Amino acid sequence: MPGYNHAAIEKKWQALWASHKVFATNIHDHARPKFYVLDMFPYPSGQGLHVGHPEGYTATDIIARYKRANGFNVMHPMGWDAFGLPAEQYAIKNNVHPRDTTAKNIARFREQLQAIGFSYDWSREVDTTDPKYYRWTQWIFLKLYDTWFDEKQQKGRPIRDLIEEFRTGQREIPNLIAGPPVPGKPWDQRLPSVQRAVLAHYRLAYQAEVPVNWCPGLGTVLANEEVIDGKSEVGGFPVERRPMKQWMLRITAYANRLLDGLHKLDWSDSLKEMQRNWIGQSEGAEVNFAIDVDPKRVEETEGLSITVFTTRPDTLFGATYMVLAPEHPFVHTLTTSEQAEKVESYQRWARSRSDRERQEDTKKTGEFTGSYAINPVNAQRIPIYIADYVLMGYGTAAIMAVPAHDERDHEFATKFNLPIVQVVAPKDASIVDVQKAAFVEEGIAVNSPWIEGLPTQEAKTKMISLLEENETGKRQINYKLRDWLFSRQRYWGEPFPIVHLSDGTTVPLSESELPVKLPELEDFKPTGTIDPPLSKATDWLNVKVDVKDLGGDYVAHLDASGQPARRELNTMPQWAGSCWYYLRYLDPSDEDNFVAPTIEKYWLRNGVDLYVGGVEHAVLHLLYSRFWHKVLFDRGLVSSDEPFHKLVNQGMILGENHEKMSKSRGNVVTSDSMVEAYGADSLRLFEMFMGPLEQVKPWSTAGVEGVYRFLQRVWRNMIDPDEADPNKANKLLERHPDGKTDAWWTSTGDLPRDQHAQAEADYQSLLRPLHRTIKRVTDDIERLSFNTAIAAMMEFNNLLAKTKYITLDIAETFLRLLEPFAPHFADEVLSIIRPDLRGQGVVSISQRPWPVYDPTLLIDATVEIPVQVNGKLRSRVTVPNDADEATAVAAALADPEVQKFLAGKEPRKKIFVKGRMVNLVV
RNA sequence: GCCGGAGUGGCGGAAUGGCAGACGCGAUGGACUCAAAAUCCAUUGUCCUCACGGGCGUGUGGGUUCGACUCCCUCCUCCGGCACCA
């Protein structure tokens, strides 16, 4: 039987679109408004695509096609996030070079995506592992290295500006070595090593010996964001803390900007909230506690003070002891000889505890140092403890403990028998027993001479200003966000454009030396030690360089007659390439710029207009990328402050059994199998018909059949009428332009005169529903409500099935609405019913403009409105659409059903909503 | 524990203060067929009723309103994030 045969259609149209460059974007056409619609580019795994992958891609493709139809210059690219741990793990497991597996996987992914008919401009494809691409990733790293964050201006600036400020004395040169401040020598008289150390203190990219997340199972260190419950996000191997010298990016400098920037973004509240929580801003105060001088050790302890951070300065009178993190630098000095053994043993024990153990066991442990501090508000002598519930990485790594008003301090104080003093009382004057449990809520300050009787908020403010007057403290804002650990002991990543001189000096390579290509290595497996795999590239790692001094800043050129140096052997993490790929898409072939300014200005005005991807990147990629973008913005390299204006997270697609799709559960449905059985158009339609884009929803292959049947019904309505039903034969009509009923044609010749009235009646009956459908589909696409847009088209098609005749213009308009969802199908049907279009240069229906609805056709002359009696629906009456209250109420009162429920009583209240309803209250 | 989000037929879902269950899946009956598939037609929240009709119904309990799936409060359940962050 002839009919809709998806297999015969889809490859043909994909080839036609490609050969006619239907979806090629002209990046230089800046006359039209632009629309940049972006997918989170995939990591090309060996598994290929399952039906979860095309969900977001289909949504963006519909938007891209819809925006093109509305006259926008659309950027809709695709590429590959191909560096990183998963690629390398896969390569090791299968004993092949990651370059080869990556190339193979990319080819497979590309083919699978192309089979779904996405309207990507494939000439813009990027691959993060291509030296032509990662050259610019390295280039941006050099910019980060060359940037410092000016707190006053809240802006990243070039290092040369910092040097200039030091040189001219505008900025004091910081003293990096602990001890009393010494008046410094002028910048140019400082030792080069001091200059370098000072600059490194400011750079956004710096090396530090820090306790890192070392994962022996993967043989690499990981970022905080890559560690879930003490295990690696990839592979689930245990992660331990150990100090190592690593590259860090100073994302904390941008914490405030990253927080502020969220306000103007069109992102979901939950996503913004996740970023806010991750940045973790908290307002409070830093307070200095002087050390009570130990008569036996006057020299070491005199003048020392410990700074703590607290969000509750109002409870300062209740501070009965202090706690330092076990790693706090003062611990050694503060520990008395009597306590030394216990303290050191506790430090060793704390260091050996993995993050996982710490998280599982939150019972309080600690040790007394033997020293005391003086509470600055009441001069009380309070003991100093160390305990691992105080974290090295947050605040000042030291706290004042207020056990009466903090649960953790309460637990610790109870265990170590420390005094608990109440300094906040409940607002309602009820009695609480702080010996039993901490009272953590806000209330009224008590037992606190300076702030007695003040509510918590006022008490905080007053206490801070008093501390500032006494110079014992100051207002302070802290963030949970830590600096980004940016190096990995891996082969399959971007090499750093950095060399180390034989004296240990770190020097960046000149931009002209980029790209620093990954060396070809036979053996790229982890070394089993902390040495990165690149340490095996002996030919590559030793170089000779010529180093230029730029006044404390340096740059290296490769030079065979220069001094010996060793390349940086770490590589960058996977996130590096994905931080800026949306910029490279604009012109991936540009050899002179990472993106040309004129191109960037047009395409990134307000950033990417729509970005769709998984919520799993809420705090990783999306935070890193915003950070890089802000640095690039500060350095004048991009024109917008935020990269992604509107962002939508598609919900995960579960297996048919409502469980997460996975190989081990055996519930994976591949996109290939769906394309083969039902076609790309049915797959696309169903992906969107399942439910709201952002919602998690289970797969249903029966549901795909449903939308497949829908397409077949459209086909039959327009092309192959049911031969068995003579009523349905030859439905399609062309209507004469003057619209006279005398002038109808069928596709096969003149319509018999006795059918003209029927044809006209069918035409008239479809006209209003058609325009309502245009409006519904248009509005629904605009608000990304694709499931209801499809429902509207199904409803309209159900009407088409009921009429005997359909005019060509109605059929074409309907197909135009369908095209973003089922592009191959729409093109095929159009090419059959309008074979003349090809001669007019129209290859695809996607080249035709979006239909416009006639507002006058949305309004009917009369409307049926519900009539309620006492708020309950009792009847319906038909009134003119512009009926006023008197008319509508009169019609309602005249209705026999309504009269029955009024039971002869006169309504005491009449509610009327024009065109909507009448409610009579008795 | 804290912070978000969500609870509507047998299932996916629609309705954002005004006719609850659009659209689709599934199911049941019928037409076509020797038969099956496909297709088409009809029914499909629930209870009472032969029927006409009517009662009840959007997790729970309350509130606001002429009117609540929709707004407010309480509780319950599920999903996601964070979690010794002072």
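Source: prediction; values computed, not measured. To find a chain, count down the sequence lines: A is the first, B the second, and so on, and within it residues start at 1.
- Contact check, S282(A) against A86(B): a side-chain N or O comes under 4.0 Å of OP1 or OP2.
- The shortest distance between the side-chain N/O atoms of R709(A) and the OP1/OP2 oxygens of G26(B) is below 4.0 Å.
- Rounded to whole Å, the C1' atom of U74(B) lies 9 Å from the corresponding atom of U60(B).
- Dashed line: the shortest gap from a side-chain N or O of Q695(A) to OP1 or OP2 of G13(B) is under 4.0 Å.
- Checked by atom type, the side-chain pair N667(A)/N657(A) shows a donor-acceptor distance below 3.5 Å.
- For the residue pair N288(A) / T307(A), a side-chain donor-acceptor distance below 3.5 Å is found, with atom types taken as modelled.
- Note on R876(A): a base of the nucleic acid sits closer than 4.0 angstrom, heavy atoms only.
- Residue P692(A) is the one, among Y479(A) and P692(A), whose nearest nucleotide of RNA chain B lies closer to the 5' end (criterion: closest heavy atom).
- Using modelled atom types and a 3.5 Å distance limit, the side chains of D895(A) and S875(A) yield a donor-acceptor pair.
- A close approach under 4.0 Å does not occur between any side-chain nitrogen or oxygen of Y389(A) and OP1 or OP2 of A86(B).
- Heavy atoms of T310(A) sit under 4.0 angstrom from primed sugar atoms or phosphate atoms, though from no base atom.
- Distance noted for atom P between U28(B) and A36(B): 14 Å (whole Å).
- Between the side chains of E694(A) and Q650(A), no donor-acceptor pair of N or O atoms lies under 3.5 Å.
- Looking at heavy-atom distances under 4.0 Å, M917(A) makes contact with a base.
- Rounded to whole angstrom, the span from the CD1 atom of I306(A) across to the C1' atom of A86(B) amounts to 15 Å.
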